[in-house]
Amino acid sequence: MMKMLLGCSLCLLLLLSCLSELVESRTLSLQSCAVNVHTHELRKYYNDIRSNAIEGDSVIGVKLLDKSLINHLQDGQTCCFLRLVLRFYLERVFTNYASAQPQQQRCSSALANAFVRIRKDIHACHCHCVEDTQRKIDTLHAEFIKLDINQAAQKAVGELDTVLEWMESLGPITPA
């Protein structure tokens with residue numbers, strides 16, 4: 001009887017551990033407000049499409065989203081930059097990214113839906129954008145449109161890791 005109770009307790013602890021991992025979130029501090037992001041969900045879906053996106057990137061030597069764009073943001077521009085990057089991915093990248101594999105298409109759609117939810121929450125923040133931040137996003141758009149639309153979308157999905165790493169650095173993990 002005691003072994004059975006210990007076994008059930010162990011199973012319950014493992015289940016709770018798995019569930020907490022699934023609802024892990026990060027509260028992003030965006031100067032004017034805070035936004036809750038399920039980083040585990042984003043990472044899961046991105047990891048499912050990452051290798052395909054990188055392998056399909058045939059345009060070597062071109063970088064759309066350089067880490068220096070993110071690392072040199074002016075103070076108070078985190079909210080604006082994130083809002084504009086999400087908009088870029090939703091309007092330009094995910095609408096043009098295609099995979100022949102249905103599972104990868106589903107993961108891409110799930111990522112896009114997660115970005116829509118984050119963007120909706122950010123909309124309530126009333127972010128203020130300065131010219132320098134808009135110029136950085138304009139540079140991203142300019143590099144994107146230099147490429148064939150499908151190649152550009154493929155490259156941008158492959159570089160999404162840069163955005164996710166940056167988002168993960170914006171705030172502590174909190175239980176949802």
Side-chain angles (χ1 to χ4, degrees), residues 21-30 35-73 77-123 125 127 129 133-171 173 176:
E21 196 174 296
L22 289 175
V23 296
E24 175 183 285
S25 67
R26 188 172 298 276
T27 300
L28 306 183
S29 300
L30 303 175
V35 175
N36 196 34
V37 176
H38 296 278
T39 54
H40 181 77
E41 174 187 17
L42 294 175
R43 277 286 174 196
K44 178 196 175 308
Y45 292 127
Y46 178 64
N47 287 338
D48 286 349
I49 63 173
R50 183 178 185 272
S51 62
N52 186 53
I54 292 171
E55 288 170 11
D57 181 4
S58 60
V59 185
I60 308 301
V62 174
K63 191 113 172 109
L64 297 175
L65 190 59
D66 194 328
K67 286 184 181 185
S68 67
L69 281 177
I70 295 172
N71 293 336
H72 296 109
L73 285 177
Q77 289 300 291
T78 305
C79 181
C80 170
F81 188 78
L82 181 56
R83 181 174 54 90
L84 294 173
V85 165
L86 292 173
R87 180 177 174 190
F88 167 75
Y89 270 90
L90 289 168
E91 293 177 3
R92 294 279 181 109
V93 178
F94 290 124
T95 57
N96 293 295
Y97 178 73
S99 174
Q101 300 173 355
Q103 173 62 23
Q104 297 216 343
Q105 249 343 99
R106 283 190 295 276
C107 289
S108 173
S109 293
L111 263 174
N113 288 333
F115 276 24
V116 166
R117 287 189 303 274
I118 297 167
R119 190 171 79 165
K120 180 180 167 256
D121 291 345
I122 288 176
H123 184 70
C125 294
C127 306
C129 297
T133 304
Q134 186 60 55
R135 213 176 11 252
K136 288 179 185 215
I137 295 298
D138 290 345
T139 300
L140 175 62
H141 282 278
E143 291 301 314
F144 186 86
I145 62 173
K146 285 180 186 177
L147 302 173
D148 168 78
I149 194 75
N150 295 325
Q151 290 175 327
Q154 187 88 19
K155 179 168 281 302
V157 169
E159 294 179 6
L160 189 55
D161 198 38
T162 302
V163 175
L164 296 179
E165 285 175 9
W166 175 67
M167 287 171 62
E168 290 168 344
S169 74
L170 293 177
I173 295 175

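Here the structure is a predicted model, which means the values were calculated and not measured. What you see below is based on every heavy atom in this structure, not just the backbone, and it leaves out hydrogens, waters and symmetry mates.
Between Leu73 and Lys136 there is a side-chain heavy-atom pair separated by less than 4.5 Å. The closest side-chain heavy-atom distance from Phe88 to Leu65 is not below 4.5 Å. For the pair Leu160/Leu111, a side-chain contact is recorded, criterion being any heavy-atom separation below 4.5 Å from C-beta on. Here the side chains of Gln134 and Leu84 are in contact, with some heavy-atom distance below 4.5 Å.
Here the side chain of Tyr89 pairs a donor or acceptor atom with the backbone of Ala156 at under 3.5 angstrom. A distance-only check finds no donor-acceptor pair linking the side chain of Gln104 to the backbone of Ser99 [under 3.5 Å]. Counting only distance, with no hydrogens or angles, the side chain of Lys155 and the backbone of Lys63 share no donor-acceptor pair below 3.5 Å. Of the possible polar contacts, one joining the His72 side chain to the Ser68 backbone as a donor-acceptor pair under 3.5 Å is found.
Across all non-hydrogen atoms, the minimal contact from Thr95 to Leu90 is CG2-O, 3.3 Å. Summarising the geometry of Glu165 relative to Lys67, their closest heavy-atom pair is OE1-NZ, 3.3 Å, with the distance given to 0.1 Å. Annotation for Gly158 and Tyr46: closest pair O-OH, 2.8 Å, computed over non-hydrogen atoms. In this structure, Ser108 and Phe94 approach most closely via the heavy-atom pair OG-CD2, 3.6 Å. Nearest heavy atoms, Arg92 versus Ile145: NH1-CG2, 3.1 Å. The heavy-atom pair separating Glu143 from Val62 by the smallest distance is OE1-CG1, 4.3 Å.
The sulfur atoms (SG) of Cys80 and Cys129 lie less than 2.5 Å from each other.
Going from atom CD1 of Ile70 over to atom OG1 of Thr162 covers 6.0 Å, rounded to the nearest 0.5 Å. For the atom pair His38 NE2 and Ile118 CD1, the distance stands at 9.0 Å (nearest 0.5 Å). To the nearest 0.5 Å, the span separating OG1 on Thr78 from CH2 on Trp166 amounts to 5.5 Å. Taken from CG in Asn96 to CD in Glu91, the straight-line distance is 11.5 Å, to the nearest 0.5 Å. If you take CD on Gln101 and CD1 on Ile49, they are separated by 11.0 Å, rounding to the nearest 0.5 Å. Between Leu82 atom CG and Phe115 atom CZ the span is 8.5 Å, to the nearest 0.5 Å.
Note on Lys44 versus Asp48: salt bridge recorded, some NZ/NE/NH1/NH2 to OD/OE distance being below 4.0 Å. A salt bridge between Arg43 and Glu168 is present, with a side-chain N of the basic residue lying under 4.0 Å from a carboxylate O of the acidic one. Taking the charged nitrogens against the carboxylate oxygens, Arg117 and Glu41 do have a contact shorter than 4.0 Å, which makes a salt bridge.
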Would you sort out whether Asn71 and Asp66 count as a side chain to side chain contact (heavy atoms under 4.5 Å, CB included), showing the intermediate values?
-> CA-CA 9 Å; Asn71 293 336; Asp66 194 328; over 6 Å; no
Side chain to side chain contact (heavy atoms under 4.5 Å, CB included) assessment of Asp121 paired with Val37 = CA-CA 10 Å; Asp121 291 345; Val37 176; over 6 Å; no
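Between the side chains of Asn150 and Gln154, not a single donor N or O lies within less than 3.5 Å of an accepting N or O. Gln77 and Thr133 are linked by a side-chain donor-acceptor pair at a separation below 3.5 angstrom, with hydrogens and angles left out of the test.
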